[in-house]
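The structure under discussion appears below in the form of structure tokens.
This structure is a prediction, so every number in the text was calculated from the model and none was measured.
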Amino acid sequence: ARSEMSGDSGYDVGEVIFDSVSRINHSCEPNLDFDLAWSPEAGSVVIRIVAARALEAGEEVNIAYLPRAVRERLPGAERRKQLREHWLFDCGCQRCVAERAEEAA
């Protein structure tokens, strides 16, 4: 049976680029959710993006690059390591900033 997580790091295997979506920044506590699905009508993979909560005017929108199950089970340092290794950046979202302050205290 297929589990909620697949692939070595809990990511589905494969890659796709969505031009507009690729411009959305990451947050470990995103305000947008997204899912990918095959569309027989379009004959391709499509992405659906929805607000995860009410958004304020002018608020930056963001998605999580890591799957929810991975974000929930990994400690902050390991989550940031995954982001650095797979997406080549150091996460500076509010959650990571708060976790770093706690780790330093």
Side-chain angles (χ1 to χ4, degrees):
R2 184 180 166 118
S3 69
E4 182 178 31
M5 297 187 328
S6 57
D8 289 345
S9 301
Y11 314 20
D12 286 336
V13 177
E15 296 177 353
V16 64
I17 296 175
F18 291 94
D19 188 46
S20 297
V21 178
S22 69
R23 293 179 173 92
I24 301 175
N25 285 331
H26 163 84
S27 173
C28 292
E29 292 185 329
N31 53 19
L32 300 178
D33 288 325
F34 73 93
D35 60 66
L36 301 171
W38 177 259
S39 168
E41 298 82 19
S44 66
V45 175
V46 295
I47 190 165
R48 181 179 67 98
I49 301 171
V50 296
R53 60 172 175 73
L55 301 173
E56 300 290 327
E59 178 180 0
E60 178 183 6
V61 294
N62 44 61
I63 59 175
Y65 295 175
L66 295 170
R68 180 183 309 273
V70 172
R71 291 191 326 266
E72 290 175 353
R73 76 173 164 79
L74 290 181
E78 180 60 27
R79 194 179 63 248
R80 291 187 296 274
K81 179 182 174 204
Q82 292 285 322
L83 290 165
R84 204 170 21 263
E85 288 177 359
H86 295 279
W87 286 275
L88 307 175
F89 73 94
D90 292 316
C91 188
C93 74
Q94 290 180 347
R95 179 178 176 186
C96 285
V97 168
E99 288 171 348
R100 280 190 190 102
E102 288 176 14
E103 292 165 2

Quiz item: Can you name the residues that form a side chain to side chain donor-acceptor pair (under 3.5 Å) with E59, not counting sequence neighbours?
Solution: N31, R53
Self-check item: Non-hydrogen side-chain atoms of L66 and C28 separated by less than 4.5 Å
Solution: no
Self-check item: G92 to V97 - nearest heavy-atom pair and separation
Solution: O-CG2, 3.6 Å
Exercise. Kindly determine whether D90 and R84 satisfy side chain to side chain contact (heavy atoms under 4.5 Å, CB included), including the steps that lead there.
Key: CA-CA 6 Å; D90 292 316; R84 204 170 21 263; 2.9 Å; yes
Quiz prompt | Residue list, ring pair (Phe, Tyr, Trp, His ring centres under 6.0 Å) with F34, at least two apart or on another chain | solution = none
Quiz item: How would you list, by chain and number, every residue that makes a salt bridge (Lys or Arg N to Asp or Glu O under 4.0 Å) with E41, sequence neighbours excluded?
Solution: none
Practice problem: For the pair L32 and V50, evaluate side chain to side chain contact (heavy atoms under 4.5 Å, CB included) and give the outcome as yes or no after the intermediate values. | Solution: CA-CA 6 Å; L32 300 178; V50 296; over 6 Å; no
Quiz item: Can you name the residues that form a side-chain contact (heavy atoms from CB on, under 4.5 Å) with A42, not counting sequence neighbours?
Solution: S39, S44, V46
Quiz item: Going through the distances and angles, do C93 and N62 end up as a side chain to side chain contact (heavy atoms under 4.5 Å, CB included)?
Solution: CA-CA 10 Å; C93 74; N62 44 61; over 6 Å; no
Self-check item: Contact list for residues 91-105, test salt bridge (Lys or Arg N to Asp or Glu O under 4.0 Å), sequence neighbours left out
Solution: R79-E99, R80-E99, R80-E103, R95-E99
Self-check item: side chain to side chain donor-acceptor pair (under 3.5 Å) partners of E29, counting only residues at least two apart
Solution: none
Self-check item: E56 atom CD, neighbour heavy-atom count above 12 within 6.0 Å
Solution: no
Quiz prompt | Point-to-point distance, once rounded to the nearest 0.5 Å, from CD of Q82 to CH2 of W87 | solution = 8.0 Å
Quiz prompt | Distance flag, aromatic centroids of Y65 and H86, threshold under 6.0 Å | solution = no
Quiz item: Going from CZ on R73 to CD on E78, what distance comes out if it is rounded to the nearest 0.5 angstrom?
Solution: 8.5 Å
Quiz item: Shortest non-hydrogen contact from H26 to A64?
Solution: ND1-CA, 3.6 Å
Quiz item: Out of curiosity, I24 CD1 to I63 CD1, how far, rounded to the nearest 0.5 Å?
Solution: 5.0 Å
Quiz item: Between D33 and I49, does a side chain to side chain contact (heavy atoms under 4.5 Å, CB included) hold up when you go through it step by step?
Solution: CA-CA 6 Å; D33 288 325; I49 301 171; over 6 Å; no
